[in-house]
Amino acid sequence: MNNEIEQKLLQHVTRRHFFSQCGVGLGALALSQMMGEGASAMPAMTPYVQHFAPRAKNVIFLFMAGGPSQLELFDYKPALQKHSGQPVPDSCMEGRRFACIETFFKEKPNLLGTVREFKQHGQSGAWVSELFPHTAQVVDDIAFVKTIATDVPNHAPAKLAMNTGSSQFGRPSMGSWISYGLGSDADDLPGFVVLQSGPRGPRGGAVNWASGFLPAAHQGVPFRSQGDPILNLSTPEGVSDTEQRQVVDAVNAMNAEHLEATGDPEIAARIASYEMAYRMQTSAPELMDIKSESQATLDMYGVEPEEASYGRNCLLARRLVE
């Protein structure tokens, strides 16, 4: 090729076109790896530095919003008990952490100690209130973290801070980080599943299990406790398995072509979500059917097979990690 022509061509070749057209095919490589190895390949598409081999294989995170205060459970405050009923000291009114007191009260409120009896238990001498007699028997197997503080007084941003580490939108949730770090061995279930209890779920909604700036493959997938685990997961009436497979293949082919042209990892995540949804049509309903559990197990969790409850979600979480 003439050197002058070659130079003019190179001036118009962008970095994106180079990776797309020169045969390297990063998008195609990522897609082939993902399709060949299943869902477990997804974390490998996003490079990260792993300094220590993870020992944990599964994580069940119980987020019980609206529960009793830690001052009624594990965080014994003898000085608070001593001064209960007295006005908050001036030293406690200084700084951002107590700005909510200045906003909501015209006068300084009184301190309020617990009415629960606390005792020390186990070799660790952990303080536990009378509310948790069974937990008190296993304190040496539990880690109590008492170093967390926040200046976020409102419910929704406080829950966001608890789940993502920040009261502002855009940060990955704890489950997304765990999915990103550990990956998933499941080919027919998401690596990060959300089981909600109660009629409306937590304040703040889906941002509590969002993937933030991590790839969308690490987004939490909410499962419903009754009916179809995921809305619109079942095959529409009148559509055969063959027809549905053809639709999924056609959509994936178009997405793969776009992935090859752009290298956008979000498109790879979209392809994976279509394939995952297709496989979940058989795996998810079977998982959510707890009728195979023994009566002794159902009694231990306090579960009625046809009723939604927090205990049912705990049982489903165990079935998920199994």
Side-chain angles (χ1 to χ4, degrees), residues 55-89 91-101 104-105 108-167 171 173-175 177-178 194-198 201-204 208-209 300-303 309-318 321:
R55 291 181 294 177
K57 299 186 183 305
N58 305 286
V59 177
I60 297 177
F61 177 43
L62 308 179
F63 179 57
M64 292 170 282
S69 165
Q70 75 275 13
L71 302 178
E72 304 282 338
L73 304 177
F74 312 112
D75 200 4
Y76 183 48
K77 300 290 188 184
L80 178 61
Q81 294 299 104
K82 179 180 178 181
H83 299 286
S84 181
Q86 300 178 17
V88 175
S91 59
C92 293
M93 301 293 290
E94 300 173 358
R96 292 178 55 198
R97 190 172 300 172
F98 294 92
C100 56
I101 294 180
F104 298 146
F105 299 96
K108 289 191 296 185
N110 294 332
L111 296 171
L112 178 62
T114 180
V115 298
R116 307 295 176 182
E117 181 181 356
F118 273 73
K119 292 182 180 179
Q120 289 180 288
H121 299 271
Q123 295 182 356
S124 61
W127 289 94
V128 181
S129 83
E130 60 185 342
L131 285 175
F132 281 169
H134 301 295
T135 303
Q137 300 175 16
V138 294
V139 291
D140 291 334
D141 298 321
I142 300 175
F144 296 91
V145 181
K146 300 182 179 180
T147 54
I148 298 176
T150 179
D151 56 3
V152 183
N154 293 326
H155 289 86
K159 292 177 182 180
L160 183 61
M162 184 65 196
N163 283 282
T164 70
S166 172
S167 60
R171 300 289 299 183
S173 62
M174 183 187 300
W177 277 120
I178 294 171
V194 179
L195 301 171
Q196 300 181 64
S197 300
R203 285 183 173 88
N208 287 291
W209 51 84
M300 182 173 62
Y301 282 85
V303 171
S309 66
Y310 182 78
R312 179 188 174 90
N313 281 346
C314 291
L315 177 56
L316 291 175
R318 192 212 76 197
V321 301

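- Between Pro89 and Leu111, the shortest heavy-atom distance links the atoms CD-CD1, 4.2 Å.
- Between Val139 and Phe74 there is no side-chain heavy-atom pair separated by less than 4.5 Å.
- Taking OH of Tyr310 as the start and CG of Leu195 as the end, the distance is 10.5 Å to the nearest 0.5 Å.
- For the pair Arg171 and Ser166, the tightest heavy-atom approach, listed with the atom from each and the gap, is CG-CB, 3.5 Å.
- Atoms CZ and OG1, on Phe144 and Thr135 in that order, are 7.5 Å from each other to the nearest 0.5 Å.
- Counted within 6.0 Å of CD1 on Ile142, heavy atoms from surrounding residues, nucleotides or ligands total more than 12; the atom is thus considered enclosed.
- Ring geometry for Tyr76 against Trp127 counts as tilted: the plane angle lies between 30° and 60°, on a 0 to 90° scale.
- Checked by atom type and distance alone, the side chain of Thr114 never pairs as donor or acceptor with a backbone atom of Glu72 at under 3.5 Å.
- Inspection of the Asp140 and Ser124 side chains reveals an N or O donor paired with an N or O acceptor under 3.5 Å.
- Atoms CG and NZ, on Asn154 and Lys159 in that order, are 11.5 Å from each other to the nearest 0.5 Å.
- Atom CD of residue Gln81 and atom CG of residue Leu71 lie 9.0 Å apart, to the nearest 0.5 angstrom.
- Atom NZ of Lys146 has more than 12 neighbouring heavy atoms from other residues, nucleotides or ligands inside a 6.0 Å radius.
- Across Val152 and Ser167, no two heavy atoms sit closer than the pair CG2-CB, 3.9 Å.
- A side-chain donor-acceptor contact under 3.5 Å links Asn313 to the backbone of Gln196.
- Note that SG of Cys314 and CE of Met300 are 11.0 Å apart. Values are rounded to the nearest 0.5 Å.
- The shortest non-hydrogen separation linking Ser197 to Ser309 is OG-O, 4.3 Å.
- In this view, Gln70 satisfies the side-chain hydrogen bond (donor to acceptor under 3.5 Å, both in side chains) rule with no residue, not counting sequence neighbours.
- Between Val115 and Glu130, the shortest heavy-atom distance links the atoms O-OE2, 4.2 Å.
- Side chain of Asn208 to backbone of Ala156: no donor-acceptor contact under 3.5 angstrom is found.
- Side-chain contact between Met174 and Phe63 is absent, with no heavy atoms from C-beta onward closer than 4.5 Å.
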